[in-house]
Amino acid sequence: MASRISELVIDAADPERLAAFWSEVLGYVEFHREEDGSIHIGPPGVGFGGPQPTLVLSPSRDPRPRKLRLHIDVSPVDRDQDAELERLLALGARPADVGQTGSESWHVLADPEGNEFCLLRTRVRPV
């Protein structure tokens, strides 16, 4: 049997803010807090170990030095890409420039702490 990604850990200057942002983006809920201030979010009623990876927003004072080597891609579930882009921008995402040409089928965005992620065009089924 192979491994699978069960959680993604994101360093955050403000874990509360990022947990709220990503919970709204993904429809996740908080299911655990650690003594160090880390906040675990995941699909409602599932938590760790379900079919979708959970996110751990971990407190960090280290500044982000440059473009992330790993980023999250999100896909719309119940609307088209334009409507989802509008929703993400209203939640606090902002356009990010990582050298794209403008002809891509995806949008590069940044979360409230500047972590890049992409909004893909293809709609996916809910889990």
> Is the backbone of A19 close enough, under 3.5 Å, to the side chain of E30 for a donor and an acceptor to pair up by distance?
Replying inline: no
>> Once salt bridge (charged side-chain N to carboxylate O under 4.0 Å, His left out) is applied, do any residues pair with E16, and if so which ones, sequence neighbours excluded?
In response: R33
>> Under the rule for side-chain contact (heavy atoms from CB on, under 4.5 Å), what residues qualify as partners of V29, not counting sequence neighbours?
In response: P44
> Which heavy-atom pair separates C118 from H71 by the least distance, and what is that distance?
Replying inline: SG-NE2, 3.7 Å
>> Test of understanding: with side chain to side chain donor-acceptor pair (under 3.5 Å), list the residues that count as partners of D111, not counting sequence neighbours.
In response: W22, N115
>> Which residues end up grouped with V77 if you chain together Ile, Leu, Val, Met, Phe, Trp and Tyr wherever their side-chain heavy atoms are less than 4.5 Å apart?
In response: V124
> With sequence neighbours left out, what residues match A96 under side-chain contact (heavy atoms from CB on, under 4.5 Å)?
Replying inline: V108, A110, E116
>> Nearest 0.5 Å, please: how far is CG in L109 from CD1 in I72?
In response: 12.0 Å
> Which residues pass the side chain to side chain donor-acceptor pair (under 3.5 Å) test with E34, sequence neighbours left out?
Replying inline: H40
>> Using a 4.5 Å cut-off between side-chain heavy atoms of Ile, Leu, Val, Met, Phe, Trp and Tyr, which other residues end up in the same hydrophobic cluster as F31?
In response: F48
> For the residue pair I41 and T54, what are the closest heavy atoms and their distance?
Replying inline: O-CB, 3.2 Å
>> Going by ring-ring contact (aromatic ring centres under 6.0 Å, His included), name the residues that satisfy it together with Y28, two or more places apart in sequence or in a different chain.
In response: none
> Who else is in the cluster with V56 when I, L, V, M, F, W and Y are joined by side-chain contacts under 4.5 Å?
Replying inline: V9
> Can you name the side chain to side chain donor-acceptor pair (under 3.5 Å) partners of H107, sequence neighbours left out?
Replying inline: none
> According to the side-chain hydrogen bond (donor to acceptor under 3.5 Å, both in side chains) rule, which pairs have a member within residues 84-99, sequence neighbours left out?
Replying inline: R79-E84, E84-R87
>> Holding to side chain to side chain donor-acceptor pair (under 3.5 Å), I want the full list of residues that pass it with S103, two or more places apart in sequence or in another chain.
In response: T101
>> Please give me the minimum heavy-atom distance between P15 and S58, naming the atom from each residue.
In response: CG-C, 4.3 Å
